[in-house]
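Per chain, numbering begins at 1; letters A, B, ... match sequence-line order.
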Amino acid sequence: MFYLTTAIDYANGDPHLGHALEKIGADVIARYRRMRGDDVHFLIGMDEHGQKVAQAAADEDVTPQALVDRVAERFQAMWERLGISHDQFIRTTSREHIAGVYALIERIFERNPDDFYEKSYAGRYCVGCEAFKTDSEIKDDRCVLHPTRILEWVEERNWFFRLSRYQDFLRNHFAAHPGFLGPDSRRNEILALLDQGLEDVSASRARLTWGIPFPRPTRDGEAQTTYVWFDALPNYLTATGFPDPSFTRRWPAQLHVIGKDITRFHCVIWPAMLQSAGLPLPHAVWAHGFVTLAGGERFSKSAGVRVELAEAVERYGPDAFRYFMLREVPFDGDGAFSWERFEERYNADLANAFGNFASRTIAMVERYFGGVVPSGRPNEIDDADAADYVRYGEALDGSRGYLIQEALRCVWLTVARGNEYVDRSAPWKLAKDPAQRATLESVLATLVRQLIRQAVHLAPVMPERAEELWRQLGAPGSVHAQRFGAPLAAIDPAGWRVVRGDPLFPKEKEPSALSR
RNA sequence: GGCAGGGUAGCUCAGCUGGUUAGAGCACGGCACUCAUAAUGCCGGGGUCGCGGGUUCGAGUCCCGCCCCUGCUACCA
């Protein structure tokens with residue numbers, strides 16, 4: 001079982017490029033795994049509690065539930081449009097999740113009663129943020145985000161989780177499992193944090209109105225609300241059906257795909273919670289980077305969205321968008337989005353190099369062989385491609401992290417090889433000489449084999465376009481039903497009837513009209 | 001401030017433990033070709049390798065100092 005998850009998205013706005021990058025990247029991993037033959041379960045979802053959601057609902061004069069219902073629908077519509085192949089969509093307002101959170105907290109109370117304790121928390125509270133502020137967020141006695149408001153000194157009694165107790169456990173875990181967190185830069189940051197020492201974290205809040213009731217009241221009988229760590233993070237566990245005993249069929253997760261900004265929660269608090277509950281830890285966490293804008297401004301939930309996701313998807317279609325994001329934004333770091341760059345990638349990589357390679361190959365099979373793929377034996381082209389696809393696999397299988405952009409580079413090496421091979425072989429010359437018929441057959445069979453492999457290896461990234469190429473090649477079944485490695489190498493397209501279709505990535509007639 | 005990473009062609013980046021004329025892709029220019037989405041292939045121009053010292057026969061690659069950028073430095077998520 002390969003159980004992978006993405007961060008659940010906070011339901012206080014519409015999906016933007018940052019959300020999309022994470023889902024697309026995780027989707028590629030999920031699809032890649034399925035095509036390796038793994039039994040994949042891919043979870044995504046929404047984080048729907050919290051003061052900001054309550055506030056947003058109040059502003060619109062709707063109930064919080066009505067608000068999150070609407071937001072969840074918009075997210076799901078976007079994921080469908082983008083071809084995200086999740087198996088499950090969890091929402092933290094669902095009954096199952098709430099029951100799971102109760103069970104997890106109670107399990108900690110049973111197994112490690114000392115891990116929860118009551119403590120008064122005093123601090124400066126910003127009404128604008130609805131949150132306590134730390135010194136670094138305060139300037140001249142005012143919250144840096146709301147300088148016009150006056151900070152209140154607030155004291156409240158909460159449940160706390162004894163995170164500090166797990167410092168050594170976490171350090172040992174990181175030492176024993178070097179691959180637990182990647183990329184290395186994030187891992188080093190967490191190791192530094194562990195060296196610095198851990199403070200306990202609050203597990204409940206008194207003034208939080210929209211959330212899961214904390215299972216136990218405080219000593220003075222006050223009912224509190226579960227704070228974010230114990231509300232949002234457990235979604236990965238509750239989605240498996242926990243506490244139903246069958247949850248072990250999926251748990252522990254193989255991989256949590258998250259943004260680099262929430263690494264700490266997933267690599268410190270979450271593992272400690274699980275350990276406290278006596279549950280196994282996820283095998284790995286991958287912290288991807290951010291999509292930035294050309295100016296360097298960063299996308300985040302608080303920053304304004306400057307490029308409309310819907311527009312970015314519609315302009316060249318979801319598959320081109322998926323390709324662009326993953327090729328341009330390294331999955332272990334940041335990358336910029338710009339229309340100029342998008343058009344460059346689209347024209348150079350998709351239309352000219354790859355799309356045209358498919359077009360010219362299929363056209364030649366039609367022209368010289370009446371559309372029936374000739375037979376031929378694998379040769380040095382297949383060998384060279386195979387070496388590239390080994391690297392493709394190493395970039396996606398997690399052994400060195402999840403370097404999707406490298407996998408794409410590998411496929412394009414084979415595209416370049418194919419175009420070069422066409423020119424070197426000059427089939428149009430071979431076709432004029434009947435004595436060269438066998439050579440012509442061999443060349444075109446080779447090109448079709450290349451396209452087969454490209455379709456299969458691009459299927460995780462561009463599922464729809466890969467399927468269309470598969471169809472144009474006259475290949476049987478679905479590209480998504482294929483398997484990498486030996487089964488793929490064994491495919492012999494001889495006799496397939498190609499179907500010449502529209503270009504895979506049509507170019508706009510007036511490129512200037514697309515420029516901004 | 002502390003810790004970590006980075007500053008290499010117009011753009012995005014590769015350059016491992018120091019060693020022939022510093023590389024790739026895109027963009028740009030020329031040539032070739034015509035199967036193809038005026039696509040492709042070949043060739044080429046273009047870089048004081050952040051700045052200043054130092055070690056060495058020799059440094060983008062090591063050492064010191066400085067400048068600049070990014071991330072982390074815990075309760076919005």
K.L.:
Please list, pair by pair, any protein nitrogen or oxygen found under 3.5 Å from a nitrogen or oxygen in nucleotides 12-15 of chain B.
P.N.:
none

K.L.:
Which pairs pass salt bridge (charged side-chain N to carboxylate O under 4.0 Å, His left out) with one or both residues in residues 353-372 of chain A, sequence neighbours excluded?
P.N.:
A/R360-A/D423
K.L.:
Where the side chain of A/A363 is defined as all heavy atoms beyond and including C-beta, which of B/C35, B/G71, B/A77 is the nearest nucleotide?
P.N.:
B/C35
K.L.:
Would you give the length of the straight line joining atom CG of A/L326 to atom CG of A/L403, rounded to the nearest 0.5 angstrom?
P.N.:
12.0 Å
K.L.:
Take the protein atom OH of A/Y368 and the nucleotide atom P of B/U34, then report the distance between them rounded to whole Å.
P.N.:
10 Å
K.L.:
Name every donor-acceptor pair, under 3.5 Å, that has one atom in a side chain of residues 188-198 of chain A and the other anywhere in the protein, sequence neighbours excluded.
P.N.:
| from | atom 1 | to | atom 2 | distance (Å) |
| --- | --- | --- | --- | --- |
| A/N188 | ND2 | A/D184 | O | 3.4 |
| A/E189 | OE1 | A/R186 | NH1 | 3.0 |
| A/E189 | OE2 | A/R186 | NH1 | 3.0 |
| A/D195 | OD1 | A/R171 | NH1 | 2.6 |

K.L.:
How far, in whole Å, is B/A9 from B/G23 if one measures between their P atoms?
P.N.:
14 Å
K.L.:
Tell me whether the count of non-hydrogen atoms from other residues, nucleotides or ligands lying under 6.0 Å of CD in A/E340 goes above 12.
P.N.:
no
K.L.:
Listed by chain and number, what are the salt bridge (charged side-chain N to carboxylate O under 4.0 Å, His left out) partners of A/R465, not counting sequence neighbours?
P.N.:
none
K.L.:
Heavy atoms from C-beta onward define the side chain here; which of B/A77, B/U37, B/C35 lies closest to that of A/W428?
P.N.:
B/C35
K.L.:
Does a sphere of radius 6.0 Å around CZ in A/R162 hold more than 12 heavy atoms from other residues, nucleotides or ligands, not counting ones at 6.0 Å or beyond?
P.N.:
yes
K.L.:
Between A/E468 and A/Q472, do the side chains contain an N or O donor and an N or O acceptor separated by less than 3.5 Å?
P.N.:
yes
K.L.:
Going by atom type alone, with no hydrogens or angles, which donor-acceptor pairs under 3.5 Å involve a side-chain atom of residues 440-448 of chain A and a protein atom two or more places apart or on another chain?
P.N.:
| from | atom 1 | to | atom 2 | distance (Å) |
| --- | --- | --- | --- | --- |
| A/T446 | OG1 | A/N379 | ND2 | 3.0 |
| A/T446 | OG1 | A/S442 | O | 2.8 |
| A/T446 | OG1 | A/R449 | NH2 | 3.1 |

K.L.:
Of the listed nucleotides (B/A36, B/G71, B/U34), which one gets closest to any side-chain atom of A/E189?
P.N.:
B/G71
K.L.:
Taking NZ from A/K432 and C1' from B/C35, how many angstroms apart are they, rounded to a whole number?
P.N.:
10 Å
K.L.:
To the nearest Å, how far apart are A/D47 CG and B/A77 C1'?
P.N.:
7 Å
K.L.:
Can you tell me how far C1' of B/C35 sits from CD1 of A/I362, to the nearest Å?
P.N.:
12 Å
K.L.:
Please list each protein N or O that sits under 3.5 Å from an N or O in nucleotides 39-42 of chain B, with the distance.
P.N.:
| from | atom 1 | to | atom 2 | distance (Å) |
| --- | --- | --- | --- | --- |
| B/A39 | OP1 | A/K507 | NZ | 3.0 |
| B/A39 | O5' | A/K507 | NZ | 3.0 |
| B/A39 | O2' | A/N352 | O | 3.4 |
| B/A39 | O2' | A/N356 | OD1 | 3.1 |
| B/A39 | O2' | A/N356 | ND2 | 2.3 |
| B/U40 | O2' | A/R360 | NH1 | 3.1 |
| B/U40 | O2' | A/D423 | OD1 | 3.0 |
| B/U40 | O2 | A/D423 | OD2 | 3.0 |
| B/G41 | O4' | A/D423 | OD2 | 2.8 |

K.L.:
Side chain of A/E199: nearest nucleotide among B/A74, B/C35, B/G71?
P.N.:
B/A74
K.L.:
Identify the residue among A/N235, A/D47, A/D69 that makes a side-chain hydrogen bond (donor to acceptor under 3.5 Å, both in side chains) with A/R91.
P.N.:
A/D69
